[in-house]
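Below is one structure, written out as structure tokens; comments come after it.
No hydrogens, no waters, no symmetry mates; every other heavy atom, side chains included, goes into these values. Proteins come first, then strands; the chains are lettered A, B, ... in the order of their sequence lines, and each starts at number 1.
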2 protein chains.
Amino acid sequence: MAAPRPPAPRAPTLEQVAEYAGVSRSTVSRVINQVSTVDPELREIVERAIEATGYVPNHAARSLVTRRTDSVALVVSEPADREFAEPFLSRIFTDPYLGRITAGALEVLRPEGIHLVIMPADAPARQQVLRYLRQGHVDGVLLISSHVADPLPQQLCDLGVPAVLSARPGRPLPMSYVDVEQQTGARLAAERFIASGRKHPATVCGPLDTTAGQDRLAGFRSALAVHGYAFVPAEPADFTRAGGERAARALLSAYPETDALFVANDLMAEGALQALRDLDRRIPEDVAVVGFDDSVSALACRPQLTTIRQPIEEMAAEMARLLLARIREPDGRPRSVIFHPELVERGSA
Amino acid sequence: MAAPRPPAPRAPTLEQVAEYAGVSRSTVSRVINQVSTVDPELREIVERAIEATGYVPNHAARSLVTRRTDSVALVVSEPADREFAEPFLSRIFTDPYLGRITAGALEVLRPEGIHLVIMPADAPARQQVLRYLRQGHVDGVLLISSHVADPLPQQLCDLGVPAVLSARPGRPLPMSYVDVEQQTGARLAAERFIASGRKHPATVCGPLDTTAGQDRLAGFRSALAVHGYAFVPAEPADFTRAGGERAARALLSAYPETDALFVANDLMAEGALQALRDLDRRIPEDVAVVGFDDSVSALACRPQLTTIRQPIEEMAAEMARLLLARIREPDGRPRSVIFHPELVERGSA
DNA sequence: ACGAAGCCGGAGAGCGCTCCCCCGCTCAAC
DNA sequence: GTTGAGCGGGGGAGCGCTCTCCGGCTTCGT
């Protein structure tokens, strides 16, 4: 808890501006809120008074009566029954995924004058986050949640806080969400391998308790099944670079004949590339690699990563738009917006 | 602007809880604010009433009277007179630096129950940001500003908003800040090169309109001057991966004899490594490379990057602590906390 | 046993804003 | 000339909370 502001010279109030301008509070309020029924002349006077006094409306007071805060929360959920090397905060804020989400959301929110409060919600903080949301601190929430069993989407739903999800929820929920056609993306990778004559595809898949992890694996497998592959080796990892490296190593050790590797995100693919190099596999000659996301790291590695592009910034922007819509019309029906992934051909496959 | 919340069942108020518990508003308020003078028995009753009604204090109302918001802003400033390939938002949110700052700050803020509003402040948004801060939306600001001529630190100072800077300000200012011994860091790199017998050191330095860029360059040059190097080639770049690649290429083309390269951050170093590889220079045999930061990307490249470590998370945490102190005691004297960099030896030098 | 000294709870006054209602003015219509 | 509609502006009532002040009760000293 912070202490109150100093006995600083209090900021001017509406009342004072009104007095200065020789009008009533209401008139000043009307000018500020762009109500059109104000005499242009009076408006002029009031605007000058505002200028002169350096008046700025008090947010808390306004928010108290309008029940609107003009800010939304970006909640990053994490059920935390998995084990990670890095602490939660470092991990999520170091992952370029979250950065791209933030950038995309802000692209829409900023012009609307809406601000973003960023809230990690790991298990210990879950209650704190729910409390915060109930306090009416924000008008709505952008919820980044990947775990199928994450209780947070349901809780937000129960709470009645306008919210939009970053992916199809684990179980059906009356809540808008944005997603990419995960299975199609995985199929694109599979078909790439088939087209280039690979015989032994395998995958470093995402965590199987996430919808993205599940869908990408299922999509990859079913696309290959069409071409006669009854079994496709898969090794799950945690979407981190180190995890990808480890999983690729494990996969190549168990299935040394592997000549094509679909890695469920670019960060892991970076690690996989490393593992393959350490095992003296040439890329793409010996092993073709396809990632997922098309993040900056796809360009940073050598060979550059062939990957399945999902327009993350665009998706986040859409989340923001859906949220705004929901805030403005809370009873509208929940909408889903599904984006199309596409194969970006670079050097690794 | 968002529309008001639905005609939803209004949340219970203090008054209602009081009625339910059969006490006065004040008593409930005392219980909530942990005032110790409440009879334990009454407190028990009130707590049950809060539980039963599902009461949550209204933030706006509280904030209106306490003049405290329990949230701070993370303002990322950008004077924007430089040209960048990527748009501002994507660039800053993709840079691991900002992620680490966020994580570090939150590490301190979260336990205090203080929330973080994230605000990019490029030139067009500057006024909007200042307005926002004046509205009393936040109790203070963590200001990430690197440009020596950035007007924002001064403006915040004038505004009287408690603020802490992420680096020594361009010109002296009565404001707390956190920094690392930039010149010492650069010296560490220089000495590393000298110790390993390199004869032709050069540097990809940061933008010369940032204190970090200036200081690292100056430190590198003066450390080498001690060993007789009157001239050290330097090519500035913009702290991005692509910038580092370009600059390294330019440097090696102008000074092909270069056998040691100090790169002012790891992101650029990653690019430089790439450029060197493309030029068929072996690392570290032909060219030794030392980066700055010790970010995850230092581990991601091959060879792994020898780099000057600055404890960014720790520094951000300290910023948060300084800010909290300033908020609680606005008249305390501004403090600077300077961290020590250290050389992390890995494969590249 | 009586008065002084706590101690705890209640009532009331705002914090700065919005919004509703009403008043007074102007202008057109009858 | 009177009425009624229309419109711009003012006043008042809160929004939900904290905090100061005050009064009644207990407790202790003498």
Side-chain angles (χ1 to χ4, degrees), chain A residues 1-5 7-47 49-50 53-70 134-137, chain B residues 1-5 7-47 49-50 53-70 134-137:
Chain A
M1 292 279 180
R5 223 29 109 66
R10 279 285 184 80
T13 71
L14 244 202
E15 189 85 51
Q16 288 163 24
V17 177
E19 187 178 355
Y20 186 100
V23 299
S24 78
R25 256 186 357 259
S26 313
T27 305
V28 180
S29 177
R30 282 186 203 102
V31 170
I32 287 168
N33 294 295
Q34 322 265 26
V35 174
S36 57
T37 66
V38 180
D39 185 307
E41 203 166 314
L42 258 191
R43 158 172 317 234
E44 179 76 9
I45 294 178
V46 170
E47 272 162 0
I50 290 174
T53 53
Y55 172 75
V56 177
N58 177 302
H59 171 255
R62 166 178 290 177
S63 173
L64 177 58
V65 22
T66 60
R67 324 194 145 263
R68 190 205 327 130
T69 65
D70 288 333
R134 296 188 55 203
Q135 298 206 67
H137 233 118
Chain B
M1 292 279 178
R5 217 36 104 62
R10 279 285 182 79
T13 71
L14 242 203
E15 189 85 49
Q16 288 164 25
V17 176
E19 188 178 353
Y20 185 100
V23 298
S24 78
R25 262 190 347 264
S26 314
T27 305
V28 180
S29 176
R30 282 186 203 102
V31 169
I32 287 168
N33 294 294
Q34 321 267 25
V35 175
S36 57
T37 66
V38 180
D39 185 308
E41 205 166 312
L42 258 190
R43 153 168 317 208
E44 179 76 10
I45 295 177
V46 170
E47 272 163 0
I50 290 173
T53 52
Y55 171 76
V56 178
N58 177 301
H59 171 257
R62 166 178 290 176
S63 174
L64 178 58
V65 22
T66 60
R67 323 193 145 264
R68 190 206 324 131
T69 65
D70 288 332
R134 295 189 54 201
Q135 298 207 65
H137 233 117

(message) What I'd like to find out is whether the side chain of A:I50 reaches to under 4.5 Å of the side chain of A:I32, using heavy atoms alone.
(response) yes
(message) Would the distance check show the side chain of A:T53 and the main-chain N or O of A:A49 forming a donor-acceptor pair, the cut-off being under 3.5 Å?
(response) yes
(request) Return the 5'-most residue of the pair A:L42, A:R25 with respect to DNA chain D, ranking by each residue's nearest nucleotide. (result) A:L42
(message) Could you tell me how far apart A:N33 (CG) and C:dC19 (P) are, to the nearest whole angstrom?
(response) 7 Å
(request) Taking the side chain as every heavy atom from C-beta outward, state whether B:V23 and B:I45 have any atom pair closer than 4.5 Å. (result) no
(message) Rounded to whole Å, how long is the line connecting atom CD1 of A:I32 with atom P of C:dC19?
(response) 12 Å
(message) With a sphere of 6.0 Å drawn around CD of B:E19, does it hold more than 12 non-hydrogen atoms of other residues, nucleotides or ligands?
(response) no
(request) Tell me which nucleotide among C:dT18, C:dA13, C:dA11 gets nearest to the side chain of A:R62. (result) C:dT18
(request) From the options C:dA11, C:dC17, C:dC19, select the nucleotide whose nearest atom is closest to the side chain of A:S26. (result) C:dC19
(message) So A:N33 and A:R62, do their side chains get closer than 4.5 Å, heavy atoms only?
(response) yes
(request) Taking all non-hydrogen atoms of both residues into account, name the closest pair between A:H137 and B:T69 and its distance. (result) NE2-O, 4.0 Å
(request) Calculate the interatomic distance between A:R68 atom CZ and C:dT18 atom C1'; express it in whole Å. (result) 10 Å
(request) With DNA chain C as reference, determine whether B:G22 or B:A61 sits nearer its 5' end, using the nearest nucleotide of each. (result) B:G22
(message) Going 5' to 3' along DNA chain D, which are the first and last nucleotides with any atom under 4.0 Å from a heavy atom of chain A?
(response) D:dG8 to D:dG16
